[in-house]
Structure formats: structure tokens, C-alpha cells
Number of protein chains: 2
Amino acid sequence: MSGLSIGQVAERTGLSVHTLRFYEREGLLAQPVRRGTAGHRVYDEGDVDWLGVCVRLRASGMPLTDIRRYTELVRAGQGNEAERLEVLRGHRERVLAQLHELDESLKLITHKVAIYEGRLGLRDTVPDCVP
Amino acid sequence: MSGLSIGQVAERTGLSVHTLRFYEREGLLAQPVRRGTAGHRVYDEGDVDWLGVCVRLRASGMPLTDIRRYTELVRAGQGNEAERLEVLRGHRERVLAQLHELDESLKLITHKVAIYEGRLGLRDTVPDCVP
DNA sequence: GTTTGCCCTAGAGTCGGCTCTAGCTTCTAC
DNA sequence: GTAGAAGCTAGAGCCGACTCTAGGGCAAAC
């Protein structure tokens, strides 16, 4: 059932094959990828799942160095759960802060959009008859 | 009442003086900044307000080129409101998408945090007495 | 009168995160 | 047997957004 080529993993994760190799060089993979004939990478579902986590962490702005750090903790196995928790909690804080920032920005943008819609509406639309 | 030095504006906006000069070079200012003795920049409240908008747009991920484009429209004066609206709406879409992404990531992270808290809790805490 | 502090310009440097290239191998299909 | 697709490595290149440096000006405080 398992045994995916880099191209297939690229499709599944939304990363390019370049980025997959780059992430590997950067130490973002929990385990070294298996190699098939001619040294071709052979990924299994576990690899794809882990890459999915990496994608989510990146999407939420975690820098590669932090993802590497977290990966290393996971790779090191049991006994460092407190450290992993610390990394994740730290990141969660940053995500919450980001959400707040984004929300503030959204307010401003929505406000401005409303203003321009109003202005344009005055020109485009026949004024309402007050009933 | 008005008449702020670059240093004061840096404090007010949270940008560095370097970044303020950089933004100016990049054409992010609605009007050219006034200059005082010895060519020192003299900002007024309007400049600071505009920079505040820029900061919000940047904080929500709008690239400098798009901010410049929007700035140019504003600078050009009335008559291009439809274009401004288009820029803003486009950006709002992207912000909403980002919020959604972040939210998804937050779910994952919170889930993982809960798992590790659970695992560690088993070790750290005296088990509750069921009353 | 010189030190300190803030400012100026032009341009170079840095950093993170990809992204691409060159040159080669290997497999599959024709 | 050869053309094409997909993979490999090592390393270079690129882009956006800052960030800093060199070299200098001016004005107030000591």
C-alpha cells in the first residue's frame, strides 16, 4: 500500500519536489526516507503525514529552524515531551497573536471596503426612496 | 501640533527609522514628507496615520508592491475608487483565507498540545479522587 | 569648542525560504 | 536501441523585506 515517489508526495502535500528535497536536507523529516532502485526516494504514509504537519506548521508561520528543532525532539523519542510541549505552546501563542493581528487588519480593511462601496454606491445606484 | 522627527514616528509606528526611510524610497508614502532644517524629515499626523495603515496592511501580508499600488491610487486622487476597492477586496479575500488557514493550524497545534499535556499529566499529577 | 545625539544619502549586506540548473542515471514504451 | 519521463546530487540563484554601514551635517549641552 505504501511506497510513494517524490512526485506523488509532491502532489499529495502540495509541496514541489524541490521543496521536498530541500526540507529533507534541512532535517525536517522524522526518519530518513527509504531509497528504492537507483537511489530514488520512497516515502510511506507516515512520511506524508509528518510532512502534512510540517506544512501546517509552516502555514502558521513557524520558521524552518523551529520545525527542525521539534522534529529532532520527536526523532529523539520518548522522554522529551515537556520540551515538545514547550515548543508547541510557544507556537500556539504566536498563532493566537497572529490571529488577533489579522483580525484587527481585517476590521480596517472591511471598514475601508465599506467606505468605497458606499461612495461608489452613491454614484451607481438610484437613491432609495424612503418609504 | 504637528511636526514629528523620524525618530518620533519610528516610536509611534513601531517601525525602525531604517524601515521608514526604506518605505519612503519604495513609494509607500501618500505625500512627499516635508523637510526641515538640514533636510531632516518632518512628518505630520496625516503621515503617521497613513503609515499606520501601511503597517496594518503589511501585518496582514500585503506585499510592498501592492501597498505601493494602493498608495499610488490614493495619491492620484478621486476617480479611481473602483480600483482601490478592487485592491482592498482582493486583499480581504486573502486575509480571510489566511484566517482560515491559521485556524486549521491552530486546531492541529491545540490538539497536539492536549495530547502532550495529557501524557505529562499522567506523570505530574496525583490522580483525582472520584467523589 | 568639542562632545553627543539625531539626522542625512547611497548603497551594500543579510536572512529566510524556496527555486532552479547542470549533468547524470534509470526505467518504460515504442 | 532510443526517446521521454522521472529521479538523483551539489550547488547556484532569486526574491522580498528589511537592516546596516560609511561618511557626513547640524545644533544643543556641557
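Atoms considered below: every heavy atom in the structure, side chains included; atoms not considered: hydrogens, waters and symmetry mates.
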Proximity to the side chain of A:His18 - top-ranked nucleotide from D:dG7, C:dT21, C:dC7: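 When the side chain of A:His18 is considered, C:dT21 is the closest of D:dG7, C:dT21, C:dC7.
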
Side-chain heavy atoms of A:Glu45 within contact of A:Leu4, under 4.5 Å: yes

Heavy-atom side-chain proximity of A:Arg56 to B:Glu101 below 4.5 angstrom: yes

Spacing of B:Ile6 atom CD1 and B:His40 atom NE2 [to the nearest 0.5 Å]: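 So the CD1 of B:Ile6 and the NE2 of B:His40 are separated by 10.0 Å.
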
Under 4.0 angstrom between B:Ser16 side-chain N/O and D:dC18 OP1 or OP2: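 False: B:Ser16 side-chain N/O out of range (4.0 Å or more) of D:dC18 OP1/OP2.
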
Using whole Å, what does the distance between atom [atom2] of nucleotide [N] and atom [atom1] of [X] come to?
X       : N      : atom1 : atom2 : answer
B:Ile6  : C:dT9  : CD1   : C1'   : 12 Å
B:Glu26 : C:dA10 : CD    : P     : 14 Å
B:Leu20 : D:dA17 : CG    : P     : 16 Å

Is the closest basic N to carboxylate O distance between [X] and [Y] below 4.0 Å?
X        : Y        : result
A:Arg89  : B:Glu117 : yes
B:Lys107 : B:Glu104 : yes
B:Arg68  : B:Glu26  : yes

Can you check nucleotides 9-13 of chain D for protein contacts, nitrogen or oxygen pairs under 3.5 Å, and list what you find?
unit_1, atom_1, unit_2, atom_2, d
D:dT9, OP1, A:Arg35, NH1, 3.2
D:dT9, OP1, A:Arg35, NH2, 3.1
D:dT9, OP2, A:Arg41, NH1, 2.9
D:dT9, OP2, A:Arg41, NH2, 2.7

Side chain A:Asp47, main chain A:Asp44, donor-acceptor under 3.5 Å: yes

Heavy-atom donor-acceptor pair, A:Thr19 side chain to A:Leu15 backbone, under 3.5 Å: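 No.
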
CD (A:Gln8) with more than 12 external heavy atoms under 6.0 Å: yes

Over 12 foreign heavy atoms within 6.0 Å of CD, B:Glu11: no

Could you list, one pair per line, each protein nitrogen or oxygen that sits under 3.5 Å from a nitrogen or oxygen of nucleotides 13-17 of chain C, together with the distance?
unit_1, atom_1, unit_2, atom_2, d
C:dG17, OP1, A:Arg58, NH1, 3.2
C:dG17, OP2, A:Leu64, N, 3.2

Would you tabulate the nitrogen or oxygen pairs shorter than 3.5 Å linking the protein to nucleotides 26-30 of chain C?
none

Closest non-hydrogen atom pair between B:Leu28 and B:Cys54, with its separation: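 Looking at all heavy atoms of both residues, the shortest contact is O-SG, 3.8 Å.
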
